[in-house]
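Written below as structure tokens is the structure these notes are about.
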Amino acid sequence: MLRPPKLTRGMKRAAQVFAFGSVVAFLFVVAFVVRVELAYRESACPFRAMGEREVVPGARVREEARRCTSDTEEHRWWLERSGHAPRLLGQRRLPRERFSSARYRWVGREGERGVEIQVENDGVDPAHFFERPPKRKER
């Protein structure tokens, strides 16, 4: 039969300090996330138009951006086809310097899944956004 180890007063105090520190760190992280997400509410920080490109005949991609905190920027891309409501293709939030003109570019084309765009920011993996989801394989 195993007996629990005997803890000295110092070991008990160290465990309490560690537990208290863990709770404080957790609360700090939650407060930080809430603060950042509140800053990115659409009503508090709206997007502004960055431009449009015709990707294929009859389909344009509109880019919008916003900077709600001093060090982060968010971009999103809308697909607009004549006769259809605009559709959000995707969005990306990165450090502001990743969207500088020398480090950022995107290209659009027609593919198997409709219009697709590839967003490249130097230093991070490219993002791929598609008009339609992938087709399911038949079983």
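Everything quoted here is computed from the prediction, not taken from an experiment.
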Worksheet item: F99 and V124: same hydrophobic cluster, using ILVMFWY side-chain contacts below 4.5 Å?
Response: yes
Worksheet item: Are the side chain of T72 and the backbone N or O of T69 linked by a donor-acceptor pair below 3.5 Å?
Response: no
Discussion item. Could you tell me if W78 and E64 have a donor-acceptor pair between their side chains, going purely by distance under 3.5 Å?
Written reply: yes
Practice prompt. Given side chain to side chain contact (heavy atoms under 4.5 Å, CB included), test K12 with V17 step by step and report yes or no.
Written response: CA-CA 9 Å; K12 287 180 183 180; V17 168; over 6 Å; no
Fill in: same_hphob_cluster(F32, Y40) at 4.5 Å side-chain heavy-atom cutoff
yes
Worksheet item: Mind checking whether V23 and F20 sit in one hydrophobic cluster, side chains of I, L, V, M, F, W, Y counted as touching below 4.5 Å?
Response: no
Item to complete: Answer whether the closest heavy-atom distance between the side chains of R109 and V107 falls below 4.5 Å.
Response: yes
Discussion item. Within a 6.0 Å radius of atom CD on Q16, are there more than 12 heavy atoms belonging to other residues, nucleotides or ligands?
Written reply: yes
Discussion item. Less than 6.0 angstrom from the centroid, inside 45 degrees of the normal: does R98 satisfy that with respect to the ring of Y104?
Written reply: no
Discussion item. Could you measure the distance from the CZ atom of F47 to the CD atom of E63? Nearest 0.5 Å is fine.
Written reply: 10.5 Å
Worksheet item: Looking at CD of E74 and CZ of R93, how far apart are the two atoms once the value is rounded to the nearest 0.5 Å?
Response: 4.5 Å
Fill in: 4.5 Å side-chain heavy-atom contact, W77 and L88
no
Worksheet item: Q91 and H75: side-chain donor and acceptor closer than 3.5 Å?
Response: no
Item to complete: Spell out, yes or no, whether W106 and L79 are grouped together once hydrophobic residues are joined by side-chain heavy atoms under 4.5 Å, including indirect joins.
Response: yes
Discussion item. Using every non-hydrogen atom in the two residues, find where V115 and A59 come nearest and quote the distance to one decimal.
Written reply: CG2-CB, 4.0 Å
Worksheet entry | Audit row: E97, R103, side chain to side chain contact (heavy atoms under 4.5 Å, CB included) steps and yes/no | CA-CA 8 Å; E97 64 272 3; R103 303 181 74 184; 3.7 Å; yes
Practice prompt. Can you tell me which residue pairs pass the side-chain hydrogen bond (donor to acceptor under 3.5 Å, both in side chains) test with a partner in residues 43-53, sequence neighbours excluded?
Written response: E52-R60
Fill in: salt bridge (charged side-chain N to carboxylate O under 4.0 Å, His left out) partners for R96, two or more places apart
none
Worksheet item: Are I117 and V56 grouped together when hydrophobic residues (ILVMFWY) are joined by side-chain heavy atoms under 4.5 angstrom apart?
Response: yes
Worksheet item: Who passes salt bridge (charged side-chain N to carboxylate O under 4.0 Å, His left out) against E42, sequence neighbours left out?
Response: R66, R76
Worksheet entry | M11: hydrophobic cluster co-members (side-chain, 4.5 Å) | L7
Fill in: Under the salt bridge (charged side-chain N to carboxylate O under 4.0 Å, His left out) test, residues paired with R81 that sit two or more places apart
E110, E131
Worksheet entry | Chi angles and distances behind the side-chain hydrogen bond (donor to acceptor under 3.5 Å, both in side chains) call for R92, N121 | CA-CA 10 Å; R92 194 167 212 195; N121 303 85; 2.7 Å; yes
Fill in: With sequence neighbours excluded, residues passing salt bridge (charged side-chain N to carboxylate O under 4.0 Å, His left out) with E80
R62
Item to complete: Using a cut-off of 6.0 Å, state whether more than 12 heavy atoms not belonging to R13 lie near its atom CZ.
Response: no
Practice prompt. Would you tell me whether Q118 and E116 have side-chain atoms, one donor and one acceptor, within less than 3.5 Å of each other?
Written response: no
Discussion item. Tell me the closest heavy-atom pair linking R113 and P133, and the distance in Å.
Written reply: NE-C, 3.8 Å
Practice prompt. Kindly indicate, with the supporting measurements, whether the criterion side chain to side chain contact (heavy atoms under 4.5 Å, CB included) is fulfilled by H128 and F130.
Written response: CA-CA 7 Å; H128 300 272; F130 303 93; 3.8 Å; yes
